[in-house]
Amino acid sequence: MQQILDDIAAEIALETDRGKVADYIPQLAHVDLNQFGIAVATPDGQVYAAGNASTLFSIQSISKVFTLTIGLGKLGDAIWTHVGREPSGDPFNSIMVLEKEFGRPRNPFINAGAIAVVDSIMMGHEPKEILGEILRFVHFIADDDSIRFDHKVAASEMDHRDRNAALAHFMKSFGHLKHDVDKVLGVYFHQCSIAMSCEQLARAGLFLVSNGVNQPTGIRVINAQQSRRINSLMMMCGHYDGAGEFAYRVGLPGKSGVGGGILTIAPGKGSIAVWSPGLDHVGNSKLGLKALELLVQKTGWSVFSN
């Protein structure tokens with residue numbers, strides 16, 4: 001595995017078309033495009049890494065996997081009264097489908113859906129309390145208490161919140177948000193600002209590799225059915241209107257973020273985190289996708305392979 005990752009990192013280093021950073025979030029606009037990291041965590045507790053795998057980056061929408069997990073733990077299937085389970089086929093911040101479906105988001109991985117999940121898990125608590133809960137959960141699944149919010153990124157997103165605020169107010173007008181919009185958005189932007197490395201992120205995904213159990217610690221995070229459902233949603237909805245392309249080229253459940261990270265799950269085999277800050281035209285890591293495609297070719301880990 002280490003040789004595979006080293007070979008992938010060497011091949012990615014030769015690429016000249018590296019995509020474009022998410023400059024609509026000013027704090028992300030200055031990230032060096034030439035960085036690339038990849039890490040694989042396996043159920044036996046091993047972590048293999050190459051490139052800038054220990055460099056911290058803003059996980060952005062990858063955090064939606066973790067808040068959905070919290071939501072399933074708190075609400076069970078009742079969470080689906082707040083958000084749907086269908087692919088959107090539209091950009092992550094689109095309002096068009098939301099309008100057609102009377103303010104109920106299509107799935108928990110588009111922005112509107114993730115905002116609805118945050119609202120559902122707040123349960124009357126103040127933002128500071130729920131943010132503490134989210135961060136403690138990430139510490140728990142990654143087995144690492146050093147992980148923190150990047151407050152500069154959160155503030156940058158809050159300063160440029162107009163599109164997400166429009167989504168939230170639209171949902172609230174249909175009765176789909178119960179809490180104050182600014183409080184919900186404050187939690188949402190902070191969860192997206194969580195800074196992690198590929199190594200930390202790969203460890204955090206391990207519970208989805210083994211039916212809800214983090215094998216290195218032996219702790220059950222969620223039940224097996226919930227784990228399967230999260231993986232299925234990652235496969236169908238984890239890359240917005242690029243989900244079909246990701247399934248075609250990689251064939252694994254995954255969730256991307258506009259910080260350039262992708263968390264990918266190979267059930268029974270490993271949790272993979274890749275980071276390259278340059279994005280493609282739909283907002284997914286351009287070279288991260290290529291690296292994962294190479295990894296699957298070299299390992300045969302696609303869920304569509306024997």
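Just so it is clear, the values below take in all heavy atoms, side chains as well, and ignore hydrogens, waters and symmetry mates.
A donor-acceptor pair under 3.5 Å links the side-chain atoms of Gln226 to the main chain of Asn223, judged by distance alone. The closest donor-acceptor contact from the side chain of Ser120 to the backbone of Val117 lies under 3.5 Å. Within the 3.5 Å criterion, the main-chain N or O of Glu86 finds a donor-acceptor partner in the side chain of Asn107. Side-chain atoms of Ser156 never come within 3.5 Å of backbone atoms of Val153 as a donor-acceptor pair (strictly under, hydrogens ignored). In this structure a side-chain-to-backbone donor-acceptor pair under 3.5 Å is present from His125 to Met122. Looking only at distances, no side-chain donor or acceptor of Asn284 sits under 3.5 Å from a matching main-chain atom of Ser256. Judged by distance alone, the side chain of Asn214 and the main-chain N or O of Val221 form no donor-acceptor pair under 3.5 Å. The backbone N or O of Val65 sits less than 3.5 Å from a side-chain atom of Thr69, completing a donor-acceptor pair. Using a distance-only test at 3.5 Å, with no hydrogens or angles considered, no donor-acceptor pair links the side chain of Lys255 to the main chain of Leu263. Side-chain atoms of Ser193 never come within 3.5 Å of backbone atoms of Phe149 as a donor-acceptor pair (strictly under, hydrogens ignored).
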Identify all side-chain donor-acceptor contacts of residues 49-57 below 3.5 Å with residues at least two apart in sequence or on another chain.
from: Asn52; atom 1: OD1; to: Phe36; atom 2: N; distance (Å): 3.0

Acceptor/donor pairs from residues 170-177 side chains to any protein atom, 3.5 angstrom cut, sequence neighbours excluded:
from: Lys172; atom 1: NZ; to: His179; atom 2: O; distance (Å): 3.2
from: Ser173; atom 1: OG; to: Phe170; atom 2: O; distance (Å): 2.6
from: His176; atom 1: NE2; to: Phe102; atom 2: O; distance (Å): 3.2

Show me, pair by pair, the donor-acceptor contacts under 3.5 angstrom made by side chains of residues 194-207, not counting sequence neighbours?
from: Ser197; atom 1: OG; to: Glu199; atom 2: N; distance (Å): 3.4
from: Ser197; atom 1: OG; to: Gln200; atom 2: N; distance (Å): 3.1
from: Gln200; atom 1: OE1; to: Ser197; atom 2: N; distance (Å): 3.0
from: Gln200; atom 1: NE2; to: Asp144; atom 2: OD2; distance (Å): 2.9
from: Gln200; atom 1: NE2; to: Ser146; atom 2: OG; distance (Å): 3.4

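In terms of the side-chain contact (heavy atoms from CB on, under 4.5 Å) criterion, residue partners of Arg148 (sequence neighbours excluded) are, by chain and number, His139. A search for side chain to side chain donor-acceptor pair (under 3.5 Å) contacts involving Lys74 returns Glu133, not counting sequence neighbours.
Taking hydrophobic clusters as Ile, Leu, Val, Met, Phe, Trp and Tyr residues chained together by side-chain heavy-atom distances below 4.5 Å, Ile147 does not share a cluster with Val47. Cluster membership for Ile134 and Leu185, using ILVMFWY side-chain heavy atoms within less than 4.5 angstrom, is shared. Under the 4.5 Å side-chain heavy-atom criterion for grouping Ile, Leu, Val, Met, Phe, Trp and Tyr, Val187 is connected to Phe109 within one hydrophobic cluster. Val213 and Leu208 are assigned to two separate hydrophobic clusters, defined by single-linkage of ILVMFWY side chains at heavy-atom distances under 4.5 Å. Val303 and Ile230 fall into different hydrophobic clusters, where Ile, Leu, Val, Met, Phe, Trp and Tyr are joined by side-chain heavy atoms under 4.5 Å apart, directly or via other members.
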Next on the checklist: Set out, in order, the CA-CA distance, both residues' side-chain angles and the distance that settles side-chain contact (heavy atoms from CB on, under 4.5 Å) for Leu75 and Met123, then state yes or no.
Outcome noted: CA-CA 10 Å; Leu75 301 171; Met123 295 181 167; 3.2 Å; yes

Item to check | Derivation and outcome, side-chain contact (heavy atoms from CB on, under 4.5 Å), residues Arg229 and Asp77 | outcome: CA-CA 11 Å; Arg229 287 177 170 174; Asp77 283 347; 3.0 Å; yes

Next on the checklist: One pair to check against side-chain contact (heavy atoms from CB on, under 4.5 Å): Leu167 and Asn164. What are the steps and the verdict?
Outcome noted: CA-CA 5 Å; Leu167 295 172; Asn164 285 308; 3.8 Å; yes

Checklist entry - Does the pair Ile4 and Ile8 meet the rule for a side-chain contact (heavy atoms from CB on, under 4.5 Å), with working shown? => result CA-CA 6 Å; Ile4 289 172; Ile8 291 171; 3.9 Å; yes

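When all heavy atoms of Pro253 and Met234 are compared, the pair lying nearest together is CB-CB, 3.9 Å. In plain terms, the two heavy atoms of Ala266 and Trp301 that are nearest each other are CB-CE3, 3.6 Å. Contact between Gly300 and Ser305 at its shortest, heavy atoms only, is O-CB, 3.6 Å. The nearest pair of heavy atoms linking Gly288 to Ser276 is N-CB, 4.0 Å. Taking both residues in full, the closest heavy atoms of Gly268 and Pro43 are given as O-CG, 4.2 Å, listed atom of the first, atom of the second, then distance.
Residues Asn34 and Arg18 form a side-chain contact, since some pair of their non-hydrogen atoms from C-beta on lies under 4.5 Å apart. Residues Glu157 and Gln60 are in side-chain contact: their nearest non-hydrogen atoms beyond the backbone lie under 4.5 Å apart. Side-chain contact check for Val282 versus Phe246: every heavy-atom pair is 4.5 Å or farther apart. The shortest side-chain heavy-atom distance between Asn111 and Tyr188 falls under the 4.5 Å cut-off. Within the 4.5 Å cutoff, the side chain of Trp275 has heavy atoms near those of the Val31 side chain. Considering only heavy atoms from C-beta on, Ser58 stays 4.5 Å or farther from Asp150 through its side chain. Taking the side chain as every heavy atom from C-beta outward, Leu5 and Met1 approach each other to under 4.5 Å. Side chains of His160 and Tyr24 form no contact here, defined as non-hydrogen atoms less than 4.5 Å apart.
Of the candidates Ile262, Ile265, Val296, Leu252, Leu252 is the only one forming a side-chain contact (heavy atoms from CB on, under 4.5 Å) with Ile272.
For the atom pair CD1 of Ile121 and CD1 of Ile70, the computed distance is 5.0 Å after rounding to the nearest 0.5 Å. Atoms CD and OG, from Gln191 and Ser61 in turn, are 8.5 Å apart once rounded to the nearest 0.5 Å. One finds the CD1 atom of Ile141 at 10.5 Å from the OG1 atom of Thr217 (value rounded to the nearest 0.5 Å). Atom CE of Met236 and atom CG of Leu233 lie 5.0 Å apart (nearest 0.5 Å). Note that the CG atom of Leu295 and the CD1 atom of Ile38 stand 5.5 Å from one another [nearest 0.5 Å]. Taking CZ from Arg106 and CG from Leu98, the interatomic distance works out to 10.5 Å, rounded to the nearest 0.5 Å.
Within 6.0 Å of CD in Glu129 there are more than 12 heavy atoms belonging to other residues, nucleotides or ligands. The local environment of OH in Tyr248 is sparse, with at most 12 non-hydrogen atoms from other residues, nucleotides or ligands closer than 6.0 Å.
Cluster partners of Val21, using a side-chain heavy-atom cutoff of under 4.5 Å among ILVMFWY residues and allowing indirect links, are Leu33.
No side-chain donor-acceptor contact under 3.5 Å links Gln46 and Gln2.
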